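Quick caveat: nothing in here was measured; it's all calculated off a predicted structure. Counting starts at 1 for both ligands and their atoms, in listed order.
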Amino acid sequence: MKNFKLTRRDALKATGASLAASAALTSGCSEAPKSVSGPKSINGVMPWSNWAGNQVCYPAERMRPRNEEALVSLLRESSGKIRAVGAGHSFSALVPTDETMLSMARFRGVKDINYETKEVTVGAGTRLAALGDALAVEGLGMINMPDVNTQSLAGAIATSTHGTGQKFGSLSHYVTGLTLVTAAGDVLKCSALENKDVFDAARCNIGSLGIITDVTLQVRDNYYLKERSEMLPLEEAFEKMEKMRLAKQHFEAYGLPHSNHVLVIEFSEVS
Ligand SMILES: Cc1cc2nc3c(=O)[nH]c(=O)nc-3n(C[C@H](O)[C@H](O)[C@H](O)COP(=O)(O)OP(=O)(O)OC[C@H]3O[C@@H](n4cnc5c(N)ncnc54)[C@H](O)[C@@H]3O)c2cc1C
């Protein structure tokens with residue numbers, strides 16, 4: 001039996017998106033996944049694909065506005081369809097377009113911090129990892145996190161990306177305000193007190209409400225989490241899981257196909 005390194009991407013594809021790598025898993029890991037060449041350019045148009053590689057498109061145009069003013073003019077002057085892209089980590093077809101793909105990668109970084117209320121205003125294209133680093137410097141931290149930290153903030157909020165822990169909301173739950181530019185190029189400040197309907201819809205907008213330029217997020221004092229993981233036989237995992245879920249601050253479990261085992265992971269806050 002040949003050995004091969006199973007990457008996180010292969011595992012997720014195999015279990016979640018049912019892509020090519022699953023063939024290697026279901027055959028008992030007996031051969032390495034074949035290297036799949038990526039999508040090719042067509043008539044000079046470069047392909048775009050998501051992280052998992054299961055969504056591909058050929059946008060006729062790609063835009064990366066420099067600032068809000070440039071974004072407003074772009075939207076006012078455009079007549080076709082525009083899809084925003086964050087880090088391309090959605091498995092479903094939320095981003096693909098054959099018209100204009102718009103990246104908010106230049107809208108990055110912490111713009112404002114209210115130390116009293118512990119709210120931070122952040123550029124929509126900021127990656128979660130960068131946000132964590134910037135907050136740590138200020139003695140602050142995000143209240144909860146998803147499984148990985150490569151998503152953009154606006155992308156994560158668009159799908160109400162969540163972490164674990166029964167006492168915690170999704171990332172969208174901690175949004176206290178945002179700025180959204182509509183398709184007509186109008187700039188809306190949104191919160192529970194201002195444009196409330198748009199605010200509520202924008203917190204899980206799947207990219208269909210306008211372009212978010214910044215997000216204000218409730219954060220907290222910085223803290224440390226201790227991770228403990230354990231591989232449990234399936235039966236034992238079923239017996240213990242409910243109790244662990246209720247007892248632990250954060251708890252997650254990964255069923256490992258064809259292994260009869262479950263990987264359980266818990267995180268608890270430590271001083
Ligand atoms: C390895 C991996 C681990 C994951 N772990 C988790 C997890 O633990 N929990 C969970 O809930 N999900 C998880 N996901 C899913 C992921 O968090 C979501 O798909 C998230 O939306 C991806 O963010 P993104 O920045 O890549 O956005 P994209 O996938 O690029 O876009 C998502 C949506 O946001 C829209 N969008 C992006 N930017 C803007 C903007 N500025 N204004 C308006 N709309 C915008 C896009 O049009 C699209 O509709 C995971 C995905 C992967 C690949």
Side-chain angles (χ1 to χ4, degrees), residues 6-17 19 21 48-57 59 62-65 67-68 70-72 74-75 81-97 99-109 121-131 142 144-165 168-175 178-183 187-188 190 198-199 201-216 250-254 265 267:
L6 183 67
T7 65
R8 179 185 194 84
R9 187 179 307 224
D10 293 329
L12 276 168
K13 277 180 177 177
T15 53
L19 291 178
W48 174 90
S49 80
N50 66 343
W51 177 88
N54 65 319
Q55 301 292 342
V56 177
C57 68
R62 295 184 190 223
M63 308 300 277
R64 216 157 76 108
N67 52 32
E68 194 171 276
L71 172 67
V72 167
L74 190 157
L75 291 171
K81 286 188 189 150
I82 295 176
R83 290 300 295 170
V85 61
H89 269 51
S90 294
F91 292 100
S92 47
L94 292 181
V95 171
T97 177
E99 295 192 35
T100 302
M101 182 173 282
L102 186 139
S103 162
M104 293 294 283
R106 284 172 159 171
F107 289 63
R108 271 188 303 200
T121 301
V122 184
T126 308
R127 300 296 182 101
L128 299 185
L131 176 56
M142 289 175 73
N144 204 2
M145 285 286 290
D147 191 39
V148 296
N149 60 8
T150 40
Q151 299 94 326
S152 70
L153 184 56
I157 282 159
T159 60
S160 200
T161 289
H162 57 84
T164 59
F168 297 86
S170 71
L171 290 197
S172 303
H173 177 81
Y174 301 107
V175 175
L178 53 89
T179 307
L180 178 131
V181 186
T182 67
V187 180
L188 300 184
C190 306
V198 181
F199 176 63
R203 286 190 293 166
C204 186
N205 64 74
I206 54 170
S208 52
L209 202 65
I211 307 296
I212 294 178
T213 58
D214 63 51
V215 176
T216 302
H250 299 279
F251 173 76
E252 58 192 298
Y254 292 84
I265 307 175
F267 293 89

Could you tell me, atom by atom, which parts of ligand 1 come under 4.0 Å of a heavy atom of Ser90? 18 (C), 19 (O), 20 (C), 21 (O), 22 (C), 28 (P), 29 (O), 31 (O), 32 (C)
I need the atoms of ligand 1 closer than 4.0 Å to a non-hydrogen atom of Ile206, numbered in the order shown. 49 (O)
Under 4.0 Å, heavy atoms only, figure out whether ligand 1 is touched by the backbone of Ala156, its side chain, both or neither. backbone
Please check this pair: side chain of Arg83 against backbone of Leu94, looking for a donor-acceptor N/O pair closer than 3.5 Å. yes
Below 3.5 angstrom, do we get any N/O pair linking Gly155 and ligand 1? yes
Non-hydrogen atoms of Val56 and Pro96 that approach each other most closely: O-CB, 4.5 Å
Interatomic distance, Asp147 atom CG to His89 atom NE2 [nearest 0.5 angstrom]: 10.5 Å
Report yes if some heavy atom in the side chain of Val187 is under 4.5 Å from a heavy atom in the side chain of Thr213; otherwise report no. no
Would you tell me which option among Leu171, Asn149, Asp147, Leu180 has the nearest heavy-atom contact to atom 8 (O) of ligand 1? Asp147
Any nitrogen or oxygen of Ser160, side chain or backbone, less than 3.5 Å from one on ligand 1? no
Side-chain donor/acceptor of Thr121 to backbone N/O of Thr216, under 3.5 Å: no
Does an N or O anywhere in Gly88 fall below 3.5 Å from an N or O of ligand 1? yes
Identify, by atom number and element, the atoms of ligand 1 in contact range of Asn205, meaning under 4.0 Å from any of its heavy atoms. 44 (N)
Between atom CD of Glu252 and atom CD1 of Ile265, what is the distance when rounded to the nearest 0.5 Å? 4.5 Å
Please indicate whether any nitrogen or oxygen in Ala84 is less than 3.5 Å from any nitrogen or oxygen in ligand 1. yes
Backbone N/O of Lys81 and side chain of Glu99: donor-acceptor pair under 3.5 Å: yes
Check ligand 1 against Arg83 and write out every atom of the ligand that is under 4.0 Å from a heavy-atom position of the residue. 47 (O), 49 (O)
Look at ligand 1 and say whether Phe91 reaches it with a heavy atom at a distance under 4.0 Å. yes
Is a side-chain N or O of Thr126 found less than 3.5 angstrom from the main chain of Gly109, in a donor-acceptor match? yes
Counting heavy atoms only, which of Leu178, Asn50, Val148 is nearest atom 2 (C) of ligand 1? Val148
Going by heavy-atom distance to atom 24 (P) of ligand 1, choose the closest among Ala52, Ser103, Ala87. Ala87
Quick note on ligand 1: atoms under 4.0 Å from a heavy atom of Thr159 include exactly 18 (C), 20 (C), 21 (O)
Checking heavy-atom distances from atom 16 (C) of ligand 1 to each of Gln151, His162, Arg127, Met104, the winner is Gln151
Can you check whether Ile212 reaches Asn205 side chain to side chain, under 4.5 Å on heavy atoms? yes
Look only at the side chain of Arg106 and the backbone of Arg64, and say whether a donor-acceptor pair between them is shorter than 3.5 Å. yes
Using only atom types and a distance under 3.5 Å, with no angle test, would you say the side chain of Gln55 pairs donor to acceptor with the backbone of Phe91? yes
Ala154, Gly210, Ala158: member with heavy atom nearest to atom 43 (C) of ligand 1: Gly210
Taking only heavy atoms of Val85 into account, list the atoms of ligand 1 that are under 4.0 Å away from them. 30 (O), 37 (C)
If you count the atoms of ligand 1 from 1 in the order shown, which ones are under 4.0 Å from a heavy atom of Pro146? 7 (C), 8 (O), 9 (N)
For ligand 1, which atoms have a heavy atom of Gly207 less than 4.0 angstrom away? 35 (C), 44 (N), 47 (O), 49 (O)
Under 3.5 Å, is there a donor-acceptor pair linking the side chains of Ser90 and Ser92? no
